[in-house]
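Working notes, structure below.
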Amino acid sequence: MSSDGKGIPGLVATLAAVALGLLWLSPQQISAAEDAAGTELPPTPVQTLFKRLPVELDGWTAEGSEGAIALQMFPFAGREDLVARFKTNRASRPSCAPTDDAPLETIAQHARQAQIVIINEAHHQPFHRYVIQQLGVELADEFSVFAAETFDHLALETRTIGQITDALGSYSDEPIFGRELRALENAGYRFVAYEIREHQLPAEDAARVDRVIAREEAQAENLIAEVLREHPAQRILVHVGYSHALEKSVHNFGQEIEWFAARLKRKTGIDPLTISQTHCVAEDSTAENALDGLRIVDGEAALQRPGAVDIVLAHPTLRFERNRPAWRYAIGDMPVEVPESLQSAEERVIIEARKPEQDLSEVPVDRLLLYPGEAAPLMLPAGEWQMTAWTEQGKLNQAVHVVFQP
């Protein structure tokens, strides 16, 4: 189907890379051509990326609020390497000594003794989402609810089961987050939204600390209302950002604050298993990819209050191959070259890959921003994919279909 869901996309390159298990379909295998290039506007998430990310990299620095936003959004465009390149002036996490080199197995063992597991992420680190996906799939035989900070409750109420769309939340349009949600839904989880809702928002002129407190209170109350009030024994995996995983109050914004996990614990009497991925880097960071370097560490010194989280999970420094994270190669993603027809020597291009039957509202399996003169591959799992490229003005040429056969 085409990007608007009404036809079958058409023009396809003819090239075989048999040694790589990669097959470009011939034009005869596609029954109709797409509309002329440039007649379709980019999807809303792509338009947002063009607006928020720098037009060119030479001379750009990640300064101020716009720079901070760009650093968070580069990974949505497949460019974690640019976060690593431009985040040099920001405080780094401490290096912590490892205590366990089989972290996911150990965490799963602890999680099986808990009713609620709360694990955080840094919003600019898709690998954190992959870790949560792996943990969630491992626990799917005992846990049935997946609650995520990203979810919009209205979008969840109206969604079609089986479709992971860009409407679901602020962060879930990032491709690895999309993969996480697909994997967890396939594993049997019910999705639950607990984010603050419009009627719970404080006054527009409220102080920042009051806005934070209102949000944490609403999140705890909403999760209780959505799950625990009617199903008090249900087991829940909760995906949060940063400090929301703290189960003890800490001093922030000039006063003691209970974040989400602490409020949920106090209100329910349930002691959650809390896991941080954001407080430490692994002391031994020589691993070739993040999967091999993942460690449970002694992170107490990195916590503002001892015992604020139960487990500190540390990652090594990310490494990149051709501007893509090495861990993506390690999980079996295939580097697939971007066809010349989907590149531009004059302007930024964002290339997306989806299944041929998916429309543009579905979160792509990969997305890649290329600046003029750059070259980097899409990273795709085995399967059949449709590549579509966008400039700020609209679609660049016609979609290309590719089949990756392992």
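Below, all heavy atoms of this structure are taken into account, side chains as well, without hydrogens, waters or symmetry copies. Owing to the predicted nature of the structure, the values given are computational and were not obtained by experimental measurement.
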For [X], does the [atom1] atom sit with more than 12 other heavy atoms under 6.0 Å from it, leaving out its own atoms?
{"X": "Glu157", "atom1": "CD", "result": "yes"}
{"X": "Glu288", "atom1": "CD", "result": "no"}
{"X": "Arg52", "atom1": "CZ", "result": "no"}
{"X": "Gln255", "atom1": "CD", "result": "yes"}

For the residue pair [Y] / [X], report whether a side-chain donor-acceptor contact shorter than 3.5 Å exists.
{"X": "Arg190", "Y": "Gln234", "answer": "yes"}
{"X": "Trp259", "Y": "Asn252", "answer": "yes"}
{"X": "His124", "Y": "Glu80", "answer": "no"}
{"X": "Glu121", "Y": "His239", "answer": "yes"}
{"X": "Ser341", "Y": "Asn397", "answer": "no"}
{"X": "Glu258", "Y": "Ser249", "answer": "no"}
{"X": "Asn120", "Y": "Thr278", "answer": "yes"}
{"X": "Thr274", "Y": "Asp310", "answer": "yes"}
{"X": "His315", "Y": "Gln277", "answer": "yes"}

* Can you name the nearest heavy-atom pair linking Arg322 to Ala376, along with the distance? ->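 So the minimum-distance heavy-atom pair works out to O-CB, 3.5 Å.
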* Looking only at heavy atoms, what is the nearest atom pair of Leu181 and Phe191, with distance? ->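 What the structure gives for the nearest pair is O-CZ, 3.3 Å.
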Salt bridge between [X] and [Y], side-chain N to carboxylate O under 4.0 Å?
{"X": "Arg305", "Y": "Glu256", "answer": "yes"}
{"X": "Arg295", "Y": "Asp100", "answer": "no"}
{"X": "Glu384", "Y": "Arg354", "answer": "no"}
{"X": "Lys265", "Y": "Glu247", "answer": "yes"}
{"X": "Arg129", "Y": "Glu180", "answer": "no"}
{"X": "Arg112", "Y": "Glu138", "answer": "yes"}
{"X": "Arg197", "Y": "Glu226", "answer": "yes"}

* **Sole candidate of Ser276, Pro103, Cys280 that passes side-chain contact (heavy atoms from CB on, under 4.5 Å) when paired with Leu313** =>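 That would be Pro103; it is the only one of Ser276, Pro103, Cys280 passing the side-chain contact (heavy atoms from CB on, under 4.5 Å) with Leu313.
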Quick one: does [X]'s side chain get under 4.5 Å of [Y]'s, heavy atoms only?
{"X": "Asn186", "Y": "Leu184", "value": "no"}
{"X": "Glu195", "Y": "Asp152", "value": "no"}
{"X": "Ser243", "Y": "Phe260", "value": "no"}

Tell me if a side-chain donor or acceptor on [X] pairs with a main-chain N or O of [Y] at a distance below 3.5 Å.
{"X": "His279", "Y": "Ala302", "answer": "no"}
{"X": "Arg159", "Y": "Leu154", "answer": "no"}
{"X": "Arg211", "Y": "Pro202", "answer": "no"}
{"X": "Glu217", "Y": "Ala214", "answer": "no"}
{"X": "Gln163", "Y": "Thr165", "answer": "no"}
{"X": "Gln125", "Y": "His128", "answer": "no"}
{"X": "Arg235", "Y": "Ser144", "answer": "no"}
{"X": "Lys248", "Y": "Pro306", "answer": "yes"}
{"X": "Asp210", "Y": "Ala206", "answer": "no"}
{"X": "Ser172", "Y": "Thr150", "answer": "no"}

* Assign the ring pair Phe76 / Tyr171 to parallel, tilted or perpendicular, where the plane angle (0 to 90°) is split at 30° and 60°. =>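 If you compare the ring of Phe76 with that of Tyr171, the planes turn out tilted.
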* Which word best sums up how the rings of Tyr189 and Phe146 line up, parallel for under 30°, tilted for 30 to 60°, or perpendicular for over 60°? ->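 Ring orientation, 0 to 90° scale: perpendicular.
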* Under the criterion salt bridge (charged side-chain N to carboxylate O under 4.0 Å, His left out), which of Asp333, Asp366, Asp173 is the partner of Arg179? ->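 Running salt bridge (charged side-chain N to carboxylate O under 4.0 Å, His left out) over Asp333, Asp366, Asp173 with Arg179 returns exactly one hit, Asp333.
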* To do: Check whether the ring centres of Phe74 and Trp60 lie less than 6.0 Å apart, and answer yes or no.
  =>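 Yes, close enough.
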* To do: Would you please indicate yes or no on a ring centroid separation below 6.0 angstrom for Phe404 and Trp385?
  =>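 That pair fails the under 6.0 Å test.
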* Would you sort out whether Thr48 and Lys51 count as a side-chain contact (heavy atoms from CB on, under 4.5 Å), showing the intermediate values? => CA-CA 5 Å; Thr48 300; Lys51 290 176 181 177; 5.7 Å; no
* Could you give me the CA-CA distance, side-chain angles and deciding distance for Ile119 and Leu237, then say whether side-chain contact (heavy atoms from CB on, under 4.5 Å) is met? => CA-CA 8 Å; Ile119 181 169; Leu237 175 63; 4.2 Å; yes
* Asked: Under the salt bridge (charged side-chain N to carboxylate O under 4.0 Å, His left out) criterion, do Glu221 and Lys267 qualify, and how do the steps go?
  -> CA-CA 8 Å; Glu221 287 291 338; Lys267 289 172 179 290; 2.8 Å; yes
* Stepwise, does the side-chain contact (heavy atoms from CB on, under 4.5 Å) test hold for Leu342 with Val349? -> CA-CA 8 Å; Leu342 302 185; Val349 176; 5.7 Å; no
* **Derivation and outcome, ring-ring contact (aromatic ring centres under 6.0 Å, His included), residues His153 and Tyr194** => CA-CA 7 Å; His153 71 284; Tyr194 66 93; over 10 Å; no
* Taking it one step at a time, do Arg324 and Asp81 satisfy side-chain contact (heavy atoms from CB on, under 4.5 Å)? -> CA-CA 7 Å; Arg324 305 309 304 271; Asp81 63 307; over 6 Å; no
